[in-house]
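One structure is given here, and the rest of the page talks about it.
Labels below follow one simple rule: chain letters A, B, ... track the order of the sequence lines, proteins then strands, and each chain is numbered from 1.
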Amino acid sequence: MSTVTVYVPRDSAARALGADAVATAVLQETRQRGQHIHLVRNSSRGLFWLEPLVEVQVGARRLAYGPVQAQDVAALLDSGMLEGGQHPLALGSIEDHPYLQQQERLTFARMGITDPLSLSDYAAHEGWRGLHQALDRTPQQIVQEVLDSGLRGRGGAGFPAGIKWKTVLDAPGSQKYIVVNADEGDSGTFADRMVLEGDPFLLIEGMIIAALAVGATQGYVYIRSEYPDAVAVMEQAAQLARKAGYLGPDILGSGRSFDLQVRKAAGAYVCGEETALLESLEGKRGIVRAKPPLPALRGLFGQPTVINNVLTLAAVPFILARGAQAYAHFGQGRSRGTLPFQLAGNLRQGGLVEKAFGVTLRQLVQDFGGGTASGRPIRAIQVGGPLGAYLPISLLDTPMDYEALSAVGGTLGHGGVVVFDESVHMAQQAHYAFTFCAQESCGKCTPCRIGSARGAELIETLLAHPQQAAQHSVLLRDLCNTLLQASLCAMGGMTPFPVLSALNHFPQDFHLPAESFPAP
Amino acid sequence: MTASAPSPSPTPLSPAETQALDQALAHWQAEPGGLLPALHVLQDELGFIPPATLPALAQAFGLSRAEVHGVITYYHHFRQTPPAHHCLGLCQAEACQARGARALTQQAQDLLQCTLGHTRSDHHWQLEAVSCLGLCASGPALMLDGTLHAQVDAQRLQALLAAVPTPPMESSS
Ligand SMILES: Cc1cc2nc3c(=O)[nH]c(=O)nc-3n(C[C@H](O)[C@H](O)[C@H](O)COP(=O)(O)O)c2cc1C
Ligand code: SF4
Ligand code: FES
C-alpha cells in the first residue's frame, strides 16, 4: 500500500480537545497494522465543534472525520479510514462542507490546508505572491494599492490602513518600525491566534510588505502571554523565513532590509491599546499615552511606527497579489473586503467564519452557528469583545459593518460574536463589564479608574434595593456618560457600551431580586 | 545612571537564580526595551521573579529598583513569590461565561478547597482567574499546569483534577 497523508491539526484549540493524543494514536495504530502514513500537523479549518478533525488525502480530495478522540482511532482504521471508508464520524470531503462553502476566505484561504511551518506549502498555495508584487513597486504604489482596497484596521478602531501607512511613509525619520498588535485581548476572539499558529508566513509577508511601503527595517510582533503556542510558532517561522532570505539585510536579493522580533506580552488587557503596547515594548509599564503625537509620527522609541492588528496585515498579501479591486469588490459602504468573524459562546457550531461585510448577525449565529449549544433560545449576543454592546434578538438582522454596528450603539471591534442563551442575567453581565474595566484600567484617568469600581458597586446596590431601581438607573446612566466623554482611551470610553446596551435592551434584569444575582 | 535609595545588604542569589539572571541579561540587556523579555526569562526559568534579582536588573537596564518593581507589579503575568505545585487557570471571560464558566469555577473551588485568585495554605494548588485563552468557540476553557483544555464540563473537570495527586488539606485553613 502506498503512503497516505493524514492531517491532524496542531492549532491550540484542537490540542485542547485532544488532537495530540489523536496524532499519537494514529501513528501507533497504523504502525501496528503495517500501514504507511505521512502525518501532517496542519492548521485548523476553524470548525471547532468538529475538532479534533482528522483528514485523509484520498485522490484529489481530503476526506474528514470528526470530532475524533484517541480511542476512536482503532475503529476508524478498521472502517478503512485511510481509503475514506464509512464511519459514523465521517464527514465526507471537507471542502464541500457548507460551513466552508458559504464563506469568502481571502485572508484565511490557506487555513486548515497547509502545514503552518512548511515554506514549500506556503509557496505552493499562493504564498509570497504579494511580496513579489511589492518588490517591483515604489513605496507610494504599495500604499496606493492598500488605500484603494479600502482596508480598515481590524483591531477595533477601523482606521484606514492606507492612510496610516502614508503618514508613516511621509514622516521624516531614520529608523521606522512595523509593530504587530497580536495582543488579542478581546474575549470571544481567536482569529489572530489562528493566523499566528496556523499561517505565520502570511503575517510575516504582510509585515515585509508594510516595511517596504513605509521604509521600515525593524518589526516587532507583540503576542499575549496566554498564547504560548503562537509565540513558539512565530519564532520558528521567523527563523525559517530568515534562512530562506525573506527576512534579513537583503530581502530576496533586493537590497532591501527588514527583520522582526517576537515579543511576549505579560497579561494586561490595556496593552492591546496601541500606545500602551508601545510603552510595554519599550520595557515600561503599559500606561496609555496621550495623543497626539500619533504613533505614526512618534511611536516606538519616538520613531515613526506602523502599528496594525494581525488581521489587518494578514489581509495585505491578498491585496497586493490580486489587486485592490479584488478585495474592495467584497463588502458594503465604507466597510470593504471581508472580516474573519469569530463565533463563540453558547453556539452549536462555533468557529471562524470569514465573510464579506454586510452579512447579518442572524446569518452568522443561525445559519453558520446553528443556534445555541444548550438548545435554549438565544437571548443576547455580545458583538465586538468586552467593550462591545449586548444585542437582543430584535436586532438579529443588523448587517455586520462598522457603521451599522455603531448605529445600534455598539462596535464591530475585532469581529467577536458571543452568544448567550436565556439563562443569562444581564445585570450580572453589566456588572462584569465594570469589574473588568476596574481590573484592567491603566489608571491614568479618574473616570475609568474610579468610575468603573463605582459602576460595579452601583449595580450591586441597584439589585439589593429594587424599590429604588429607577433612581439608581439614573445614576448609572450619568456615570456611563462621564466615562463615555471623559476617558482618555476606549477602555473607559467604551465600557458603557455593554452596560448601557444591557440596561436599554434588558431593563427587567435590573429589577430582579438580589438573590438571583450570584456572587461574582 | 538613575539614583536609587541606599541599598540594604544584598540577599545572595542561589546558583539557579544567578544562572537565570545571567541568561536573561546575556540575551536582553543590550536590546531596546529588553526588560520585559528579561523578566520573562527569569519567570520561565524560576517560576517567579525573585526580589533579590531586582538590584541587578535595575543596574543592567539603567533604572531604579523602584522602576523595575513598578514594571513587575504592573503586569498580571509576573509574580514575585514561588508558584504553588499545581496551577489551575480558569477562563472567566464572556464566551466561557455563556457556557457555564461560573458554575465550573464554583466546582473547582469546592474540589480544590481554594478560592479563585488564591493559593492554598499547603501550597499545593493555586487557582487563577484568566481572561480568555483563545478557545472561545469551545468553552469553558482552562489551563492546568500549562496544558489547555476546552469544553470542560463538571465530569471532565473532576477527572482532570483527580489525575493530579493531591495530599489532603489540613483542616486548619
Ligand atoms: C483597551 C483597548 C484594548 C485594545 N486591544 C487591542 C488588541 O488586543 N488587539 C488589537 O489589534 N487592537 C487592540 N486595540 C486597538 C488598538 O488601540 C489599535 O487601534 C490597533 O492596534 C490599530 O491597528 P489596526 O488599525 O490595524 O486595527 C485596543 C484598544 C483599546 C482601547
Ligand atoms: S480610559 Fe482607562 S485605560 Fe484608558 S487611559 Fe484612561 S485610565 Fe487608562
Ligand atoms: S472567553 Fe474563555 S477562552 Fe475566550
Self-check item: Leading residue by heavy atom contact count with chain A [cutoff under 4.5 Å; candidates B:Leu35, B:Leu135, B:Ile72]
Solution: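 Highest number of heavy-atom pairs under 4.5 Å: B:Leu135.
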
Practice problem: Against chain A, work out which of B:Cys136, B:Pro37, B:Cys96 has the most heavy-atom pairs shorter than 4.5 Å and name it. | Solution: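 Answer, by heavy-atom pair count under 4.5 Å with chain A: B:Cys136.
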
Check: [X]/[Y] side-chain N/O donor and acceptor closer than 3.5 Å:
X        : Y        : answer
A:Gln439 : B:His76  : no
B:Tyr75  : A:Ser280 : yes
B:Gln97  : A:Gln429 : yes

Quiz item: Are A:Lys264 and B:Asp44 close enough for a salt bridge, meaning some N to O gap below 4.0 Å?
Solution: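 The answer is yes: the pair qualifies as a salt bridge.
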
Is there side-chain contact between [X] and [Y], with heavy atoms separated by less than 4.5 Å?
X        : Y        : result
A:Phe436 : B:Gln92  : no
A:Leu17  : B:Ser138 : yes
B:Val130 : A:Glu226 : no
B:His77  : A:Arg224 : no

Where does [X] contact chain B at under 4.5 Å (heavy atoms): side chain, backbone, both or neither?
X        : value
A:Glu184 : neither
A:Ile287 : both
A:Ala268 : both
A:Asp421 : neither

Quiz item: Which pair of non-hydrogen atoms, one from A:Cys442 and one from B:Tyr74, has the smallest distance, and what is that distance?
Solution: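 Scanning both residues completely, I find the closest heavy atoms to be CB-OH, 3.4 Å.
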
Quiz item: Got a donor-acceptor contact below 3.5 angstrom from the B:Arg99 side chain to the A:Gly345 backbone?
Solution: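 At least one qualifying donor-acceptor pair exists.
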
Quiz item: Any donor-acceptor pair under 3.5 Å linking the side chain of A:Arg285 with the backbone of B:Glu67?
Solution: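 Such a contact is absent between A:Arg285 side chain and B:Glu67 backbone.
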
Quiz prompt | Interchain contact, B:Ser131 with chain A, by part (heavy-atom threshold 4.5 Å) | solution =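 Contact with chain A: backbone and side chain both.
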
Quiz item: Among A:Phe48, A:Phe190, A:Tyr432, which has the most heavy-atom pairs under 4.5 Å with chain B?
Solution: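 Of the candidates given, the most pairs with chain B belong to A:Tyr432.
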
